[in-house]
> 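Quick one: the structure is below, questions incoming.
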Amino acid sequence: MRRRILPALSLPLALLLSACVSSSPHNGSGSSGSTDGKGDVTLNVGDQKGNDEAVLRAAGQLDNLPYKIKWSTFTSGPPILEAVSAKAVDIGGVGNTPPVFAAAAKSDIKVVAAKRGTADGEAILVKKGSSLKKTTDLKGKSVAVAQGSSAHYQLVASLAKAGLSIKDVQVKFLQPADALAAFTRGKVDAWAVWDPYTSQALRQSDGRVLTTGKGVVNGLNFQVANPSSLGDKKKAKVIKDYLGRLRRAQDWVYKHPEEWAKVWGKETGLPYQVALDSVKRTNGTRVYVAVDKPAVASEQEIADTFAKLKLTPRRFQFADYVDTRFNGDLPPSTSAPRTYGKGS
């Protein structure tokens, strides 16, 4: 029986459903949303609540669109990639882990764009009164994490950096809703999670950061397209324009964190201050970068890690699932993300 969550501490349903995990049941089929623009070419885009459509609209990047964008909303990254592979949508935005699992399943996808943010929102949290002070203190302790998620990889990598393995801790595989309840009630010693859950727990659940993903995770998010869409000259031209609009929208977010936090909060149900915390900690720090060899290598490391843990069915070359034609003059993937400075 699923634990009930204290209402004052529960995250909005839209966010609980948008967890970037590979182990989610693949039943998050997209619901048709609005259509923007005009023209004889339609770009079918897979999106999550409060993500690409919301930020493009807020930044004014859907104004005077010379082609149509038909939006379909999905619950999480994995079903977006299923839709991309099935040609139900042309392109969609996901985190750094769903493409690994999709590629392992031999899905028909190509990573075409990347953005990198700080790893401050990828964190292992403990309660403020916890005796745990460093990663090595986790030995023998219980840690909640969503199986196959970016946080799962961050937990494995953080433990390895501290000289421990995943077998040295008691892993409790819980999705964010149940993990939040367990963490809040002290049923687990720590919680490996990502923003905006990190910001939520720090502000509302008496949480404290034990360690972050800095130096152990790549901080990447991706746009992933169907190869047949990329093979269509008209669609490819539209995809290039769409990616340019996303870059400009991300620039707008960085320059207008408070305005975006209000929009994002309204879209997702996040309290304004939690949304603003997440924007300044993670969301607003992202910058579009090239899908280059270092980016591919870091994803390969994730793929190999999950294969070793037997969470994916096979080993493969992540480079086979990448299309670099839109890199242009974008900075390398190792470029430092933006920052709002201390006290932000």
Side-chain angles (χ1 to χ4, degrees), residues 20-22 43-48 51-52 74 76-117 119 148-150 153 157 217-233 235-247 250 286-308 311-335 337:
C20 182
V21 296
S22 64
L43 185 68
N44 295 292
V45 178
D47 194 22
Q48 297 178 56
N51 282 15
D52 293 334
F74 294 79
S76 62
I80 287 179
L81 294 185
E82 287 187 356
V84 170
S85 182
K87 303 180 183 179
V89 299
D90 299 303
I91 191 170
V94 299
N96 68 351
T97 306
V100 166
F101 284 84
K106 300 183 180 180
S107 296
D108 198 19
I109 62 168
K110 291 286 185 179
V111 171
V112 295
K115 58 182 176 181
R116 183 175 185 235
S149 67
S150 58
Y153 175 74
V217 300
N218 59 25
L220 295 174
N221 284 260
F222 297 110
Q223 289 291 323
V224 184
N226 182 275
S228 65
S229 301
L230 296 169
D232 182 312
K233 289 184 178 180
K235 279 283 178 75
K237 184 178 180 180
V238 163
I239 288 173
K240 181 179 181 180
D241 180 86
Y242 175 71
L243 294 177
R245 291 172 187 271
L246 286 174
R247 289 195 292 272
Q250 187 63 36
R286 293 169 180 154
V287 59
Y288 275 86
V289 295
V291 186
D292 54 16
K293 289 183 178 179
V296 171
S298 66
E299 287 295 298
Q300 187 67 53
E301 187 174 355
I302 296 173
D304 292 344
T305 296
F306 281 123
K308 187 176 180 180
L311 289 173
T312 54
R314 69 184 182 104
R315 291 183 180 273
F316 63 94
Q317 293 301 309
F318 192 81
D320 295 339
Y321 294 86
V322 169
D323 187 322
T324 62
R325 75 176 76 177
F326 304 109
N327 280 349
D329 59 356
L330 287 172
S333 63
T334 53
S335 300

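Treat the numbers as computed from the prediction; the structure is a model and nothing was measured. Scope of the values below: all heavy atoms of this structure, side chains included, with no hydrogens, waters or symmetry mates. Note that the numbering runs from 1 along the sequence shown for the chain.
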> Between atom CG of N327 and atom CG of L243, what is the distance when rounded to the nearest 0.5 Å?
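Answer for the CG-CG pair, N327 versus L243, is 10.5 Å.
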
> Please collect all salt bridge (charged side-chain N to carboxylate O under 4.0 Å, His left out) contacts where either partner lies in residues 85-104, sequence neighbours excluded, each pair once.
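Passing the test, one end in residues 85-104: D90-K235.
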
> Begin with the C-alpha distance, continue with both residues' side-chain angles, and end with the deciding distance and a verdict on side-chain contact (heavy atoms from CB on, under 4.5 Å) for Y153 and N96.
CA-CA 10 Å; Y153 175 74; N96 68 351; 5.7 Å; no

> Does a side-chain heavy-atom distance below 4.5 Å link V45 with V89?
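Not touching, per the 4.5 Å side-chain cut-off.
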
> Is the shortest side-chain heavy-atom distance between E82 and F74 below 4.5 Å?
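E82 does not reach F74 side chain to side chain.
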
> Can you find a pair of side-chain heavy atoms, one from Y321 and one from V111, that are under 4.5 Å apart?
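Not in contact.
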
> Can you tell me how far the CG atom of N226 sits from the CG atom of L81, to the nearest 0.5 Å?
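Reported to 0.5 Å precision, the distance equals 11.0 Å.
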
> Before you tell me yes or no, could you show the steps for V84 and I91 under side-chain contact (heavy atoms from CB on, under 4.5 Å), namely the whole-Å CA-CA distance, both residues' side-chain angles and the distance that decides it to 0.1 Å?
CA-CA 6 Å; V84 170; I91 191 170; 5.9 Å; no

> Decide, yes or no, whether a salt bridge links R245 with D241 under the criterion of side-chain N to carboxylate O below 4.0 Å.
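Yes, this pair counts.
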
> Which residues pass the ring-ring contact (aromatic ring centres under 6.0 Å, His included) test with F222, sequence neighbours left out?
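If we apply the ring-ring contact (aromatic ring centres under 6.0 Å, His included) test to F222, skipping adjacent residues, there are no hits.
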
> For F326, what residues pass the ring-ring contact (aromatic ring centres under 6.0 Å, His included) criterion, not counting sequence neighbours?
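Per chain and number, F326 pairs via ring-ring contact (aromatic ring centres under 6.0 Å, His included) with no residue.
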
> For Q300 and F318, indicate whether the former's side chain and the latter's backbone hold a donor-acceptor pair under 3.5 Å.
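Side chain of Q300 to backbone of F318, a donor-acceptor pair under 3.5 Å: yes, one is there.
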
> Just grab all the side chain to side chain donor-acceptor pair (under 3.5 Å) pairs involving residues 286-296, residues at least two apart or on different chains.
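Qualifying pairs: D292-S333.
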
> Which residues satisfy the side-chain contact (heavy atoms from CB on, under 4.5 Å) test with A104, sequence neighbours excluded?
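Per chain and number, A104 pairs via side-chain contact (heavy atoms from CB on, under 4.5 Å) with T312, P313, F316.
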
> Tell me, do I239 and L43 make a side-chain contact under 4.5 Å, heavy atoms counted?
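They are in side-chain contact.
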
> Decide yes or no on side-chain contact (heavy atoms from CB on, under 4.5 Å) for D304 and R315, but give the supporting numbers first.
CA-CA 7 Å; D304 292 344; R315 291 183 180 273; 3.7 Å; yes

> Below 4.5 Å, heavy atoms only, C-beta onward: do I302 and T305 meet side chain to side chain?
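The answer is no; the side chains never approach within 4.5 Å.
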
> If you look only at pairs with a residue in residues 103-116, which of them pass as a side chain to side chain donor-acceptor pair (under 3.5 Å), with sequence neighbours excluded?
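Qualifying pairs: none.
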
> Quick one about E301 and N218 (side-chain donor to acceptor, distance below 3.5 Å, no hydrogens or angles considered), yes or no?
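Side-chain D/A pair, N218 to E301: absent.
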
> Are side-chain heavy atoms of L220 and S298 found at a separation under 4.5 Å?
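Touching, per the 4.5 Å side-chain cut-off.
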
> Can you find a pair of side-chain heavy atoms, one from V322 and one from E299, that are under 4.5 Å apart?
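Answer no - side chains too far apart.
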
